[in-house]
Amino acid sequence: MFPERFLWGGAVAANQCEGSYLEDGKGLSIQDVMPHGIKTPRTKEPTPDNMKLIGIDFYHRYQEDIKLFAEMGFKVFRLSIAWSRIFPKGDEETPNEAGLAFYDRVFDECHKYGIEPLVTLSHYETPLYLAEHYDGWLNRKLIGFYERYVRTVFTRYKGKVKYWLTFNEINSILHSPFMSGGINTPKEELTDSQLYQAVHHELVASALATKIAHEIDPEYKVGCMILSMPIYPLSPDPKDVIAAMEADHQNMMFADVHVRGMYPGYMKRYLREHDIEVKFEDGDEELMKKNTVDFVSFSYYMSVCATADPEKNIRGEGNLLGGVPNPTLKASEWGWQIDPRGLRYVLNTLWDRYQKPLFIVENGLGAVDKLVEDKDGNLTVEDDYRIEYMRDHLLQVEEAVEDGVDVMGYTSWGCIDLVSASTAELKKRYGFIYVDRNDDGTGTLNRYKKKSFYWYKDVIASNGESLHK
Ligand code: BGP
């Protein structure tokens, strides 16, 4: 059984849904020059083929969308603040009032329906100016700019927001330094020392944000956000088991620092043995030690395998991290292997390790949907495949709850169709709500309820009981 106060909801990110990329004083973000996600290099300027420039026009349609979320019974709505709406370049002294006012309106709209906002402070949308003039998180100055930004929003939205996440999928910076860390220097030119220095800056900034949040409002709950992906040994060979453990460390170190307040021993060893130098400044250690997170949040889409055998170590399709495909699992249309039990596994692993409340803030199926007429002549999508995916995953969440794991809530990714992060496509749809917009720019932007809309509504209304029907 799901806990009584389980926070059911859905999740989006500003850059993938808002559009209006220059409206009301917004500055450019790195996403505005990433027309094809991480598949192709950034462009010099925004280009018309970049679907995020219009997105799904959430900027103007948020009232209609939040009303639909309320109809499904959402208790929580995860969204991000576009940093470049608040500080258009990122290094200004004073914020952009029109940007702040927009999120006031969005949060007020949520509260109108009793929906609690869950806010990501940085979701792959560093202001472009900070990327181009400071090389993003490579530069320690970013900590100061981020500090000013988070202080501004923590102060402004006191009483309207309770749950905050510091960096979306913070561990992805090792794999996509531009998208995740606003680092303009091409990945191939970065040394490991530079990359881990940027990681350190984000970890320090995250601890600082946690400190400021608690000072501004002791009721604030701050979480880290990790891209979680179980890494199974490809075979029972102990060498594969160790390979899987070491690969897992590359993700877990981010959560370890956030929860335990220090670099774990295996991480220090990794840095030492790879001649990676990370500069700590006075006070960094103490800051991290004293300002650990209140809860741990994560995305979960897939699992992978690891092996010590170089011949079998072939990277498959998948999200930003990737790994060796699991021969026992099927994959989505985009090659992401589907593994509902992996979610129970992740929940148990994180709970055993930290004993901190856990929040699943992303999970879902990206698929091609077809708009059809239902028997009453209304347009809809018969997305039984999505229902099956989500049911299977939610049943595993329930298993974890039975295992004794403290799960705060579940926000499905892309609760309304939006532009994908890795490939910037609209045809990769995750939503309960279909948005009529296509990758060639056509479409009315009208919203239509899919079959999964009604299914999720029942799940929420029955607090998970209907999953067993
Ligand atoms: C995560 C990101 C999201 C989201 C999701 C699905 O990595 O936090 O922003 O987009 O993955 O990925 P995609 O959009 O590439 O299908």
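Scope of the values below: all heavy atoms of this structure, side chains included, with no hydrogens, waters or symmetry mates. Order of appearance sets the numbers: ligands from 1, and atoms from 1 within every ligand.
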Engineer: Does any N/O atom on M225 come nearer than 3.5 Å to any N/O atom on ligand 1?
Structural biologist: no

Engineer: Sort out for me which residue in K428, M51, R429 forms a side chain to side chain contact (heavy atoms under 4.5 Å, CB included) with S420.
Structural biologist: K428

Engineer: Does the residue N168 have a heavy-atom contact with ligand 1, meaning some pair of atoms that are separated by less than 4.0 Å?
Structural biologist: yes

Engineer: Hey, is NZ on K211 packed in by over 12 heavy atoms from elsewhere, all under 6.0 Å?
Structural biologist: no

Engineer: Is it true that Y124 and N15 share a donor-acceptor pair across their side chains at a distance under 3.5 Å?
Structural biologist: no

Engineer: State plainly whether the residues E18 and R85 are in salt-bridge range, i.e. N to O under 4.0 Å.
Structural biologist: yes

Engineer: Only heavy atoms count here, so choose which of W413, W334, Y430, W336 is nearest to atom 16 (O) of ligand 1.
Structural biologist: Y430

Engineer: List every atom of ligand 1 that sits less than 4.0 Å from any heavy atom of K428, numbering the atoms from 1 in the order shown and giving each element.
Structural biologist: 13 (P), 15 (O), 16 (O)

Engineer: Heavy-atom distances under 4.0 Å are what count here, so tell me which part of S420 touches ligand 1: side chain, backbone, both or neither.
Structural biologist: both

Engineer: Counting only heavy atoms not in I338 (residues, nucleotides, ligands), do more than 12 fall under 6.0 Å from its CD1?
Structural biologist: yes

Engineer: Hey, is ligand 1 close enough to Y124 that some N/O pair sits below 3.5 Å?
Structural biologist: no

Engineer: Please identify which atoms of ligand 1 are closer than 4.0 Å to at least one heavy atom of S422.
Structural biologist: 13 (P), 15 (O)

Engineer: Check whether the side chains of E425 and T423 place a donor and an acceptor atom closer than 3.5 Å, and report yes or no.
Structural biologist: yes

